[in-house]
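Inspection log for the structure reproduced underneath, given as structure tokens.
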Amino acid sequence: MATGAAHDVKTTCPYCGVGCGVIATVTPDGSVSVSGDPEHPANFGRLCSKGSALAETIDLDGRLLRPHIDGRPADWDEALDLVAARFASTIAEHGPDSVAFYVSGQLLTEDYYVANKLMKGFIGSANIDTNSRLCMASSVAGHRRAFGTDTVPGNYEDLELADLIVLVGSNLAWCHPVLYQRIAAEKERRPSLKIVVIDPRRTMTADIADMHLAISPDGDVALFGGLLSWIANTGALNYSYISNFTTGAAQALRFGAQDLRAVSRKCGIAPSQLIEFYSLFTRTERTVTVYSQGVNQSETGTDKVNAIINCHLATGRIGKPGASPFSVTGQPNAMGGREVGGMANMLAAHMDIENETHRARVQRFWQAPTVATRPGRKAVEMFEAIGQGHIKAVWIAGTNPVDSMPEADRVRAALAACPFVVVSDVLADTDTTRVAHVLLPAAAWGEKDGTVTNSERRISRQRPFLPLPGSARPDWDIMADVARRMGFVEGFSYTTAAEVFAEHAALSAFENDGERDFDIGAHAGIDAVGYEALAPFQWPQRRGAVTGTERFFAAGGFFTPEGKGRFVAPREARAGAALLAKLPAQEPTDQGFILNTGRVRDHWHTMTRTGKSPRLSQHMAEPFVEIHPDDAAQSGIAEASLVRLSKGPAQAIARALITNRQRRGSVFVPMHWNDQFASNARIDALVDAVTDPVSGQPALKQARASLASFNAAAYGFAVVARKPADIPADYWAIARCTGGWRLELAFGQAKDDWHAFALRLFGGRENVDILAYNDVGAGRYRIAAFDGAALLGALFIAPQPVGVARGWLVEQLATSHDLQRQRLAVLATRPSAGQSDKGAIVCSCFGVGSNEIAAAIASGCRTVKAVGDATQAGTNCGSCRAEIKGIIDAKPLQAAE
Ligand code: SF4
């Protein structure tokens, strides 16, 4: 790296499956800024709020910088010898299936490749699975059933070429924001583009939709079965495509042949709305159907995928410009993991573990001593097997299953009882590192070297721009080292990520004369220089090819044995009434509310990265439960009060967010919060380990939970300059802010001595200047502590949820308070003249709050652009534009005037 001047490194965002190109600019003093890469075909320079804040997440605070064994520091040799010896002895004593790897869609393809090769080809088990199982396994299974392989037929460009985009279970505005931005920009440019959002919640994405179908949870199979029937009944079948390129249409059509009212009843959408949607779909040739976690994370996820694909096969709208089914993945490299076969039921390079020819081919290529002969345990089964003692040694790489797996408390207990747990991670303290015997420090984003594949099959480089800190190492390097220590020297002699990639590319082309879709043989001989310069490309890119083929299946060419695409009738067509009887009720039942879990705009997974960013932490500063007003009223839950969610012994506490965006009978809780950021918010502890029988993907959006008011005697809000060592409150949630931290608190019983509590929260320092106010009768207490002009902490206690100017108070941590009136203003939470409370942060990029946006609307701004011109909100990454529109729409005109 250059030392004398700032230099740019082109790399890829490590968050979602959009796979945006970013440019990291490193200055000579080591500071880093991040911007969108205008030349990257995924984003053309755009970034969302998470990508824009990447530079705030790369500090070394909390990093794991050296190996640990049983909590004590160790060197690499000792740690890796132990890992190799324990895995080898466990295999020798109990067989290869007694060990497992649980890896991550955060890993780079090179990491994934080495882990998969070690487990399947050298250990001889297929017990390697990934957190991508939680994300898109149903899409993989649906693709394989319909196409004979796991291929995404379309491109992002299709979103701009389509005349109709159907978004199913896909809150793009928050989960794939740059794709949302591309669609929103196209809609603005070409208002004739129609957008339909199918989602039980009226998400922010629905704000650009022409039609929102508030489908009942898991009503998708019925909805798309009905659509297939409508297509047939209205003469819209593409007979030529069906007869030339597909099989199974008749059976699928038999299922679809239902009365519209029956479909309406099953999916909870009025017949008139169904007709409107079906007619629009049928008459619009250029239609793209985008689907993601709302489809995949279901007990019927694979059937949903196939129900969607059936409609595209029936109309021949697949792999054509502006016309295709389109699965978008949650994680940055879920696709790369699929390409190397890093899942328990796949082999490598899109070959099948059940196929003897494929197994022999892979074994021959790897020159491996063995190869797994049957699928291994998928994620949920894997942790069950750990709990049952069948798996006795597990290596978890780059993921946090103690928070993210369903029945997360059982997962934690299983790992706590497992004889040998290895965790390689970036951070020292996660809920999963706490149960590890051996901790291995892994390289983080900005330090890693490798490739990722985004949702449109585009392979991009992640390049390092920071030195490896401490003794951290890349995951592929750690895995290869352990393999060599287990005696597999020949197969794991890599010295660079480029060598791993070259081998992966060569395997994709090995004995592949077009039989397999995944082929990047053009890069099989790549050297270090070529790897460094590798520009983003889409697969396939066969030997001798200059550019990849950009779309699949417009003229058949499927990878099934018969070479035809397959219509797949859903399980309920085969199982009959039993499954229909399981359709969810629309009202809360004795079993409680349907619990839908998912992402928020500015956080990622279990917050190990985004939780470091003050900007990202201000948008949603605590866990919340979204609940319909009628359900809240019936349950005695008031706005901004706390709610206890429970399922059996598992519990979580979250803030009530009452909104008619939520469907009755269902609640939504974000998946992100964990024991590092809240007292009790690991929501996946409440989710049953129910899976789709085909894909093994857990139904993370259709759990059941009971709701009750959390009866707090006192509520609190605090800002502190230093993170407290402990927080003795019955409820707490902590979020990073500029200059310190902010905390939400609640107590089952009011404390006798709030003063002592406050000083403990502020770090126990003495000789500080204190201002305090205590109204014992009203149960109100306020205190602010200063060290010279610096605010050390402020605490506000009230018998109801505390109503203070939070945004303004947070800013006081980074403000000088020389004058007594400034200090008194903190205690009074009363901004002085010339200051104001921004309100809850809406625009993370420019720190624009809801009060500022409301003021702009009140002054006459009627459009998102006008609000942006007045406040800058929404003018950088654009992730908040949907929320700004929501605020504009919610403001009655006369109120604005
Ligand atoms: S949309 Fe946002 S989170 Fe996703 S890859 Fe792009 S910048 Fe990263």
Side-chain angles (χ1 to χ4, degrees), residues 18 41-44 46 153-173 176-199 202-215 223-224 226-227 230-231 234-238 241 269-270 272-292 308 311-312 314-326 328 455-456 550-551 554 862-868 874 878-879 881-886 888-889:
V18 179
N43 57 318
F44 298 107
R46 295 178 176 96
N155 289 338
Y156 292 164
E157 184 191 43
D158 294 325
L159 300 171
E160 283 137 354
L161 297 174
D163 294 323
L164 168 64
I165 299 173
V166 183
L167 299 163
V168 194
S170 190
N171 183 8
L172 285 191
H176 300 92
V178 165
L179 289 188
Y180 171 82
Q181 289 173 34
R182 286 180 69 161
I183 294 171
E186 183 62 22
K187 174 83 175 162
E188 207 166 302
R189 194 186 72 75
R190 187 165 53 96
S192 62
L193 165 64
K194 298 288 183 212
I195 299 170
V196 176
V197 168
I198 299 171
D199 198 306
R202 187 176 172 83
T203 61
M204 286 297 165
T205 306
D207 286 356
I208 57 163
D210 298 278
M211 194 187 298
H212 169 227
L213 303 181
I215 193 169
L223 177 71
F224 283 91
L227 174 57
W230 182 273
I231 289 167
T234 55
L237 288 174
N238 184 332
Y241 190 89
I269 298 169
S272 58
Q273 267 200 308
L274 284 177
I275 291 170
E276 197 181 343
F277 166 56
Y278 288 175
S279 303
L280 180 62
F281 187 101
T282 305
R283 68 173 181 263
T284 312
E285 190 59 31
R286 288 189 169 221
T287 296
V288 175
T289 305
V290 175
Y291 49 97
S292 50
I308 292 168
C311 295
H312 280 265
T315 49
R317 297 171 189 165
I318 185 163
K320 295 177 179 169
S324 211
F326 205 137
V328 290
S455 298
E456 62 166 351
E550 289 194 343
R551 294 179 179 87
R862 297 281 181 269
T863 63
V864 174
K865 181 174 182 317
V867 170
S879 296
R881 290 170 66 87
E883 275 170 276
I884 296 170
K885 183 167 185 307
I888 294 170
D889 292 347

To check you understand the geometry: which heavy-atom pair defines the closest contact between [X] and [Y], and what is its length?
X	Y	result
T289	Y291	O-CD2, 3.6 Å
D207	R202	OD1-NH2, 3.5 Å
H212	D199	NE2-O, 2.9 Å
A185	R46	CB-NH2, 3.9 Å
L159	E186	O-CG, 4.5 Å
T287	R317	OG1-NH1, 3.6 Å

Stepwise side-chain contact (heavy atoms from CB on, under 4.5 Å) test for M204 and E883
CA-CA 7 Å; M204 286 297 165; E883 275 170 276; 3.3 Å; yes
Please assess K194 against L280 for the test side-chain contact (heavy atoms from CB on, under 4.5 Å), listing each intermediate value before the final yes or no.
CA-CA 9 Å; K194 298 288 183 212; L280 180 62; 4.1 Å; yes
With rounding to the nearest 0.5 Å, note down the distance linking [atom1] in [X] to [atom2] in [Y].
X	Y	atom1	atom2	value
H176	Y180	NE2	OH	15.0 Å
I208	Q181	CD1	CD	10.5 Å
K865	E188	NZ	CD	9.5 Å
C311	L227	SG	CG	4.0 Å
L213	L274	CG	CG	7.0 Å
I198	F224	CD1	CZ	4.0 Å

With sequence neighbours excluded, residues passing salt bridge (Lys or Arg N to Asp or Glu O under 4.0 Å) with R182
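Partners of R182 by the salt bridge (Lys or Arg N to Asp or Glu O under 4.0 Å) criterion, ordered by chain and then number, come out as E160.
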Between K187 and D210, does at least one N-O distance fall below 4.0 Å, as a salt bridge requires?
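The answer is yes: the pair qualifies as a salt bridge.
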Would you give me the side-chain donor-acceptor pairs under 3.5 Å for residues 161-173, sequence neighbours excluded?
from: D163; atom 1: OD1; to: R190; atom 2: NH1; distance (Å): 2.9
from: S170; atom 1: OG; to: S292; atom 2: OG; distance (Å): 2.9
from: N171; atom 1: OD1; to: T205; atom 2: OG1; distance (Å): 2.5

Measure from the side-chain N and O atoms of Y156 to the backbone N and O of V18, and report whether any donor-acceptor pair falls under 3.5 Å.
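Indeed, once roles are kept as given, a pair shorter than 3.5 Å links the two residues.
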List in chain and number order the residues that pass ring pair (Phe, Tyr, Trp, His ring centres under 6.0 Å) with Y278, two or more places apart in sequence or in another chain; answer none if no residue qualifies.
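Scan of Y278 (ring pair (Phe, Tyr, Trp, His ring centres under 6.0 Å), adjacent residues dropped) gives W230.
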I'd like to know whether the aromatic ring centres of Y241 and H312 sit less than 6.0 Å apart in this structure.
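For Y241 and H312, the ring centres are not under 6.0 Å apart.
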Could you check R551 against D158 for side-chain contact (heavy atoms from CB on, under 4.5 Å), going step by step and ending with a plain yes or no?
CA-CA 10 Å; R551 294 179 179 87; D158 294 325; 2.7 Å; yes
